[in-house]
Structure formats: C-alpha cells, structure tokens
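Just so it is clear: chains get the letters A, B, ... in the order the sequence lines come, proteins before strands, and each one is counted from 1.
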Amino acid sequence: MSYIKMAQRNLWRNKRRTVITISSIFFAVLFAVVMRSFQLGSYSLMIRNAIEQYYGFIRVQHPDFTDDPSLENTFEIDPNLPVKISKVPNVKAVTARLETFALASSGNITKGVLVLGIEPEAEKQFSNPEQFLVRFTIPMAVWDSSDKKLALSDKVRKVLAAHMGESFTDAAKLASIFKDQPIDSMQLNQILHLSRVQGRFISNGDSGVVISSMLAKFLNIQVGDSLVMLSQGYQGASAAGIYPVVGIVRIPNPELDNRMVYMPLQMAQSFTNTHNLLSYMAINLQDVSDKALMATTDSVRKVLANSGLDVKTWQDLNKVLVQQIESDNQSGKAFLFLLYFVVFFGIFGTVIMMVHERMHEFGVLVAVGMQKVNLALTVLLEMLMMALIGIALGYLVALPIIHYYHIHPIRLTGEMAKMMIDMGFEPLMPMAPFDFYVLWQGVSVIFMVSPACIYPIRKILKLKTVEAIKR
Amino acid sequence: MAIIEVVNVDKIYNDSEVKVTALSNINLKVEKGEFTAIVGPSGSGKTTLLNLLGGLDTPTNGKIRVGDVWLNELKGSKLIDFRLRNIGFVFQSYNLIPVLTAGENVELIMQLQGVPAKLRKQVAADMLGKVGLADRINSRPAKLSGGQQQRVAVARALASKPQFILADEPTANLDGKAAENLLQIMEQLNQTEGVTFIFSTHDQRVVSRARRVIQLEDGKIKSDFLQ
C-alpha cells in the first residue's frame, strides 16, 4: 500500500465532495483556457490583419516620417538596399512603398483615401493583397430579378438584401451567408453567376488601380469604372489623375478596407511627382516573437548604418494598437485571477472540511507510528491528484474546442459585427492554437492549490496526538 | 528487568482555569509477558496512564522507561518512531483506516517500519489468521462487525512486533460474544507467544481474566495485586 494508493483511495471516500472540487477546477481550467485562447486569437488576428498585411513588422523610413508622414519625408532608394535587407536572418519579405493621401471621386461621391504605391511582385511576397481579390459582389440585380428568374424563398431574398453590395473573395464565402437557409445548388450557381466580378490584381507597369471593397461600395464603383484622384504632390506640386479600376480587394482589416487604393509604385511616383522616392520599406519576419523582432531590428540597423534612415518596429508605429492589446490583456489576466481566486476559496473550504473530518484518523496514524511528514505528504498527494484530475479534464474538453475554433473562427454578425468593424477590427473571433498559455492555466491551478495545502500541512505538523484521538 | 517502569509520575492538566490532577505519584513496573488490567471508575486516570505508557502524552512530573529508553528523552519524530517499533495500540473504537482493507491495515504498520512488501503480506495474513480473520483479509472495515474490527486492530498491533500492547477499553463497544472472543484471542496470544498486554477496562469479564489488576482511584493507585 503506497502513499499514492492511499491518497487515491482517500480521494474517493467522500465522492460528492471530491467531484464538486474537481468540477470547480475543471470549469476554471476550461473557462480560463477558452477565454485566454479567444483573447490571444484576437490579438493574433489584429496583428496579422494590421501588421503582416499592411504595416510590416519593421519599417525603414525617413527619421521624420512617423511624426509627419508626408511626401516631404520620403527617401531615395538605393537599389541594393532591399537585397541587403532580405539577406538579414529572419527576414521573410521586403517591399518598397510610396504612401500618400488623396481625395478619390466617382460621380458626385468623394472620399479621402490612402494611396499605396507598391511593387506588385514584391508585394505578393509581402502581404499578397491578390489573395483578397473580390470574385463576387452581390448586386442589386440578384435582388431585383429574384422573383422572376429564381425561385427563392422570402428568407433567402432577405439574406441577399441584407448582403447587397457585399464582396466575397470566393464562392464558399458567398455561399456561407445562406448557411441557415434552404437553397439548392442550381439557385446558388445562378446567384454566383450574377454576382461574379471580373477583376484582376495590378502588375508592374500597369495603368490601372485596385481599390478596397468598402471603398468601392461607398463610391459605388465596379471593375472597369474610373476613379478620379486629387492630391498634393511632392514639394507642393498638384497631383491629379484618372485611373481605371482593374480589381477590387476585400482587406480583412476594416479600417484599411474602407480607404485603400493600390497602384503600381512607378504610377504612384508619377502621380505625386516623387520620381524614385519611397515612403518606407516594409519588412515581414519569419519569427515574430519580441525577442526575434528586436534582434532582427538591430541587424537591419547595422545594414543601414550611415544611411540616415530610421528603423522602426510595429510597436513603435502602432502605439494605440499595442496599448489596446496590452490593456485588454491585463483585464483578461485580472479576470482569470478573480476566477482562480474564487475557485481557491472553494478548494480551501473543501480542505478545511476534510481536515476537520479526519483529525481523529490523523491522530490514530501518528499514534501507531506514522511520521507527521509522511502523513502531510499523503494529504498533499490527495490535493495534487484532485488538481491534476481537474486540470486534465479541463484540457480534455478545452483542447478540441480551441482546435476547432482556431480552424473555424466564429464570425460575428449583427450589431456586434458592426461594432467591431467600427472599431477597425475584422468581426471574427478566432482561438489561438495550443501553446504555453494553455499549460500556464494548469500551472496556475497548481499554484492556487499550493496555498490551500498549507492549512492541512500545518494542522498535521502541529497535531497533538492525544487531543486528535479524543475527537 | 521490567519492560516498563513508571517513576513518581504526576499528570496535571492546566488547560482550563482549574487545575486537574489526573494522575498523582504513580509508581509501577510491568514485566514481560504480563496480562494486566488497569481498572477504576470513569475519571480515575486509566486512559491518561495508558497514554503516558504509550508515549502519546508526557507526564507533568516523573519519568517512564520502556525497555532501556526513558520516554522523556525522546521528542517529535524520534518518539513516533519509538512507538512504531516498540508499542502496539488497540483503541476502544477500533480506529482502523477506512480506506484500507483488513490486510492493508495490518500491513500499514509494517510498511512504516520498512518491512519489504512480500514479507508484509505474509505476516499480515499470518496475524489475521491468528485472530481468526484469514478469510476477511480483503474486506474493508465497513464490511466487518465491531468484534472483527477489533480483532483486526489486535492483529495490527501484533504486526509491529511490539514490546507490549496497550488496549484502551478494548471490549467497551463489543457485545458479550464478541468481547469473549476477543479476550480469548488476547489471552491465547499472551500465553502462547508471550505478548504483553496492558488494558484499561470497566468490564468485569476482562478484569476476571487479568492476572494482574491495578486499581486506580482519583489518579492514584489504590491497589495492585495478582489474581
């Protein structure tokens, strides 16, 4: 009869109490893992949408560009520089950009836009905006003709009306709006046919532009239409142009999707009269951890020594996003602390009851010759077993959940989605994959159980045998 | 040499505002192989004396020798270890560990002594056989009658090969038949194997079978005689 076996049997001598205690640990671990996974998944999505697909993890720019991102703070490119930077360890992709603001107009609608002059081929390696090329947009036609050409139910027509003008990058995403409505494949094919958009992405030397889907919707522009743009060029020159829209992209970051105009770098330089000037070079990384980011930033700085250019990390350039993530992260941690605090008292209550119930037995064991330390060890093992069973069960249920929702993120709808979009976030709730944060929840429970163990250990070590036997 | 020697022992409880003298000027010797009953009315100090002899409590004055060790010289874990290797206990309310089987309860003491597992199992079966419970080795205490539990407690006490066994009112919770059965077993162990028993009791049946009777009254030895 080992101490482990004894502890194991003691665990089940009061089944109901053990089940309640294990359940409280199980639910704490489950909620903590799921909640933390949602949090970290959201941060990862925010960073991916904002940083990987636009800002870049590191930027090389004019020292004054952060404070004054105008064309006056651009720099001339050394043709060898991108090659040198791309050879720095951990650099995944480098791209050169010219960025300016303009007024874009179609018909009598005008909107301020972000003009991004890109090297289309390099940009494909960097943020690959082509992957967001809109293939389908639900037009008015589908809605209007639905009664005549398609035998659609009222519910399906309502869905189409609700998504009118919305763009999709593939057929599956468009089909997903009907997930709760009965629609056969023939009807769906007809809707897809009527919604199809013949767009393409820009290439080097192209004369057209690609605009983002929410901007296209706002300006009521379709592929093939023209976009008029007016801005201030380099050193006060006026910048104006009319460009055919060759494609529409649906950028996951709603803030960018609301105002983006992509054009080839040379066209942007011509539009702004900046010749061969750049706003910045954006760099994406293989390993995006803080440690790797800092090391790569230092390496890029060495490559750029004496160039007069500045190297900034995404945290330097996105202080608001960093603060948003940090404050949300802290409040999440505070919530977890509260959750564990409440569970701690549950466990502590169990421990007190258990100790008082068994004081007589402890007394007998010490009387017949069991060392107090060994007795305390047995009780400690009981507590540890309860904690480990609760943690294991929590993981067992939580891991499939986080795996599923990591692959199939929850897409928010209605007011919640609108609120997220208004805040500049994609209305998605993905979960972070399995990582150290999952293990930390288990470790936290062990840390939480540890102080609860102090009470029985202290009671046992201070036990007066005769008094305990009398109880 | 006597296996137990009690010299001028007093036990005074100071816990409450009133001083209670539980034992006063106790002097006695117990020889190996004795079958001794400590008798007396409630509150006479029987259990207190047994607790002192077992090293569960310490005298206010005086000293107690078990074998060649003075108990007042032992503290903490050394005292617990001494009890483990030298003194067997049988309690009034059996006090078996409910989550262990009869065999495991007997084995527990030997495990604490560091006896190898194979030998433990063999000895446990042997001890349970001696108290007539060989067939209940795998039963948990809840499945045993009071008399059977007390016999397991005797087997547990025997398993540690102690110098003597202290039994605090061992028959108090047993019916007549179970008490008789237990006494027969204890008597037999005493006669055939020379196990020393010291027990406190109210029970006249037990007193009548004891060879030595120590009578306590108000914490003092009133009489001490062989019968």
Side-chain angles (χ1 to χ4, degrees), chain A residues 1-19 353-386 389 456-471, chain B residues 11 13 15 22 47-48 50-52 54-58 76-115 117 120-121 124 140-142 153 156-157 159-160 162 165-166 168:
Chain A
M1 165 60 51
S2 65
Y3 291 140
I4 293 177
K5 205 167 172 184
M6 199 162 151
Q8 192 187 336
R9 289 200 192 158
N10 275 327
L11 210 59
W12 299 112
R13 66 197 291 177
N14 190 334
K15 288 190 184 73
R16 191 181 299 173
R17 191 174 58 206
T18 303
V19 166
M353 275 193 288
M354 183 264 282
V355 168
H356 281 267
E357 267 176 26
R358 285 168 58 189
M359 277 311 275
H360 174 78
E361 184 182 313
F362 292 162
V364 170
L365 283 166
V366 173
V368 299
M370 190 172 199
Q371 292 293 348
K372 289 177 181 175
V373 173
N374 291 342
L375 184 56
L377 183 72
T378 312
V379 174
L380 203 65
L381 277 172
E382 283 175 40
M383 304 284 296
L384 199 64
M385 277 181 188
M386 269 200 287
I389 293 171
I457 290 172
R458 195 167 177 273
K459 274 280 182 188
I460 289 167
L461 295 180
K462 288 190 169 285
L463 179 134
K464 288 183 178 168
T465 317
V466 175
E467 285 174 20
I469 291 172
K470 275 185 198 162
R471 287 168 75 118
Chain B
K11 181 65 186 177
Y13 291 108
D15 297 348
T47 300
T48 303
L50 245 54
N51 286 341
L52 294 176
L56 298 177
D57 207 351
T58 50
S77 61
K78 282 187 180 165
L79 183 59
I80 294 173
D81 196 57
F82 182 81
R83 279 203 300 266
L84 173 67
R85 293 174 196 285
N86 295 280
I87 307 169
F89 290 91
V90 176
F91 300 95
Q92 182 179 335
S93 49
Y94 332 129
N95 289 339
L96 300 177
I97 306 303
V99 295
L100 305 183
T101 63
E104 287 165 346
N105 263 288
V106 178
E107 270 190 63
L108 178 67
I109 302 293
M110 290 183 280
Q111 188 188 353
L112 297 172
Q113 288 178 326
V115 176
R120 283 200 314 254
K121 288 196 187 306
R140 290 207 183 175
R156 178 175 71 179
S160 63
I165 292 175
L166 295 171
D168 188 10

Atom CG in B:L100, atom CG in A:N10: separation rounded to 0.5 Å?
7.5 Å

Nearest 0.5 angstrom please: A:H360 NE2 to B:N95 CG, how far?
3.5 Å

Considering all heavy atoms, the nearest B:S77-A:Q371 contact
O-NE2, 2.9 Å

Heavy-atom nearest pair, A:A367 first then B:F91, reads CB-CZ, 4.0 Å

Going by the side-chain contact (heavy atoms from CB on, under 4.5 Å) test, name the single residue among A:R9, A:E361, A:R358 that passes it with B:P98.
A:E361

Does A:L461, at its CG atom, have more than 12 non-hydrogen atoms belonging to other residues, nucleotides or ligands within less than 6.0 Å?
yes

Side chain, backbone, both or neither: which part of B:I80 has a heavy atom under 4.5 Å from chain A?
both

To the nearest 0.5 Å, how far apart are CZ in A:R13 and CZ in B:R140?
10.0 Å

Does any non-hydrogen side-chain atom of A:L365 lie less than 4.5 Å from one of B:L108?
yes

Looking at A:V366 and B:R83, what are the two nearest heavy atoms and their distance?
O-NH2, 2.9 Å

Tell me whether B:R85 contacts the main-chain N or O of A:G369 through its side chain, where contact means a donor paired with an acceptor under 3.5 Å.
no

Rounded distance (nearest 0.5 Å) linking atom OG1 of A:T465 with atom CG of B:N51:
9.5 Å

Taken to the nearest 0.5 Å, the spacing of A:M6 CE from B:Q111 CD works out to 8.5 Å

Gap between atom CE of A:M370 and atom CD1 of B:I97 - 0.5 Å precision
8.5 Å

